[in-house]
Amino acid sequence: VLLQASGGGLVQAGGSLRLSCAASGSISSISAMGWYRQAPGKERELVADIPTSGRITYADSVKGRFTISRDNAKNSVYLQMNSLKPEDSAVYYCNAIVAVVPDTGRMYNYWGQGTQVTVSS
C-alpha cells in the first residue's frame with residue numbers, strides 16, 4: 001500500500017492550501033484517515049482525523065481553520081487549510097488504517113512521504 005501526498009508549498013500568512021493524499025495498492029478497506037504534522041525540533045502531532053463514520057477530530061490549534069474530508073471511492077483524504085499562520089509550517093503526513101488483500105481482519109497503519117508547508121509572515 002502506498003500513500004501519495006501532494007499540495008504543499010509556500011504561502012503567506014492568511015493564505016490557503018489544500019493537501020491531497022491518495023492510497024493505492026492491495027486495499028480491502030480503509031478505516032480512519034488523517035493528517036499529522038511535524039515541525040523542526042518538535043514531535044509529530046495529529047492535525048485532523050476522519051473515520052469511516054463517526055466524529056471527526058481536529059487539533060485545537062486548527063479548529064475553525066482546517067477542514068478534513070475524504071473520498072472513499074478514490075481512497076483519498078484531503079485537508080483544506082485556510083487562514084494559515086506561520087506556526088502551521090511543518091511537514092504534513094497523511095495516514096491511513098488499512099485492511100489489505102487478502103483481508104484477515106487485521107488493520108495496518110500506513111504513512112505518506114510527507115509534504116512541506118511553509119507559511120511566511
Novice: Can you name the side-chain contact (heavy atoms from CB on, under 4.5 Å) partners of Arg18, sequence neighbours left out?
Specialist: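 Listed in chain order: Ser20, Tyr78, Gln80.
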Novice: Applying side chain to side chain donor-acceptor pair (under 3.5 Å) as the test, list every pair that has at least one member in residues 59-71; sequence neighbours left out.
Specialist: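 Sorted result for residues 59-71: Arg37-Ser61, Asp60-Lys63, Arg65-Asp88, Arg70-Asn72.
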Novice: What pairs meet the ring pair (Phe, Tyr, Trp, His ring centres under 6.0 Å) rule with one or both residues in residues 45-75, with sequence neighbours excluded?
Specialist: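 Of all non-adjacent pairs touching residues 45-75, none passes ring pair (Phe, Tyr, Trp, His ring centres under 6.0 Å).
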Novice: I'd like to know whether Ile68 forms a side-chain contact (heavy atoms from CB on, under 4.5 Å) with Asp49, so could you lay out the CA-CA distance, the side-chain angles of the two residues, the decisive distance to 0.1 Å, and finally the verdict.
Specialist: CA-CA 7 Å; Ile68 190 171; Asp49 179 83; 5.6 Å; no
Novice: Return yes if some donor-acceptor pair links the side-chain N/O of Ser76 with the main-chain N/O of Lys74 below 3.5 Å, else return no.
Specialist: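 Side chain of Ser76 to backbone of Lys74, a donor-acceptor pair under 3.5 Å: yes, one is there.
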Novice: Hey, could you give me each pair passing disulfide bond (SG atoms under 2.5 Å apart) that has a residue in residues 6-99? Not counting sequence neighbours.
Specialist: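 Sorted pair list: Cys21-Cys94.
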Novice: Which ILVMFWY residues can you reach from Ile97 by hopping between side chains whose heavy atoms are under 4.5 Å apart?
Specialist: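 Its cluster partners, ordered by chain and number, are Met107.
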Novice: Following the transitive rule for hydrophobic clusters with a side-chain heavy-atom cut-off under 4.5 Å over Ile, Leu, Val, Met, Phe, Trp and Tyr, establish whether Tyr92 and Leu10 coincide in one cluster.
Specialist: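 The answer is no; the residues belong to distinct hydrophobic clusters.
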Novice: What pairs meet the disulfide bond (SG atoms under 2.5 Å apart) rule with one or both residues in residues 27-57, with sequence neighbours excluded?
Specialist: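 Counting only pairs at least two positions apart or across chains, no disulfide bond (SG atoms under 2.5 Å apart) contact touches residues 27-57.
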Novice: To the nearest 0.5 Å, how far apart are CG in Leu2 and OG in Ser26?
Specialist: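 OG of Ser26 is found 11.5 Å from CG of Leu2.
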Novice: Compare all side-chain heavy atoms of Ile30 with those of Val77 and state whether any distance is below 4.5 angstrom.
Specialist: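 The answer is no; the side chains never approach within 4.5 Å.
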Novice: Should Val117 and Val91 be regarded as members of a common hydrophobic cluster, given that ILVMFWY residues are connected when their side-chain heavy atoms come within less than 4.5 Å of each other, either directly or indirectly?
Specialist: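 They do not share one cluster, since no chain of ILVMFWY contacts under 4.5 Å joins Val117 to Val91.
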Novice: Counting distance only, does the side-chain N/O of Ser89 pair as donor-acceptor with the main-chain N or O of Val119 below 3.5 Å?
Specialist: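 A pair under 3.5 Å: yes.
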Novice: Given the rule that I, L, V, M, F, W and Y join up when any side-chain heavy atoms are under 4.5 Å apart, are Val62 and Leu46 in one cluster?
Specialist: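 Not linked; separate clusters.
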Novice: Suppose the criterion is salt bridge (Lys or Arg N to Asp or Glu O under 4.0 Å): which pairs have a residue in residues 101-119, not counting sequence neighbours?
Specialist: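 Of all non-adjacent pairs touching residues 101-119, none passes salt bridge (Lys or Arg N to Asp or Glu O under 4.0 Å).
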Novice: Among pairs that include at least one residue of residues 5-16, which meet salt bridge (Lys or Arg N to Asp or Glu O under 4.0 Å), considering only residues two or more places apart or in two chains?
Specialist: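 Sorted pair list comes back empty.
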Novice: Could you tell me which non-hydrogen atom of Met81 sits nearest to which non-hydrogen atom of Leu19, and how far apart they are?
Specialist: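 It is CE-CG, 3.7 Å.
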Novice: Excluding sequence neighbours, so at least two apart, what forms side-chain contact (heavy atoms from CB on, under 4.5 Å) with Val1?
Specialist: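 By the side-chain contact (heavy atoms from CB on, under 4.5 Å) rule, Val1 matches Leu3, Ile27, Val98, Val100, Tyr110.
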Novice: Determine which pairs satisfy ring pair (Phe, Tyr, Trp, His ring centres under 6.0 Å) with at least one residue from residues 10-39, sequence neighbours left out, and list them in order.
Specialist: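 As it turns out, the ring pair (Phe, Tyr, Trp, His ring centres under 6.0 Å) pairs with a partner in residues 10-39, which skip direct neighbours, are Tyr36-Trp111.
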Novice: Under the side chain to side chain donor-acceptor pair (under 3.5 Å) definition, can you give me all pairs with a residue in residues 112-121, not counting sequence neighbours?
Specialist: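 Output for this query lists Gln116-Thr118.
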Novice: Looking at residues at least two apart in the chain, or sitting in another chain, which of them share a side-chain contact (heavy atoms from CB on, under 4.5 Å) with Gln38?
Specialist: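 Expected list: Arg44, Tyr93.
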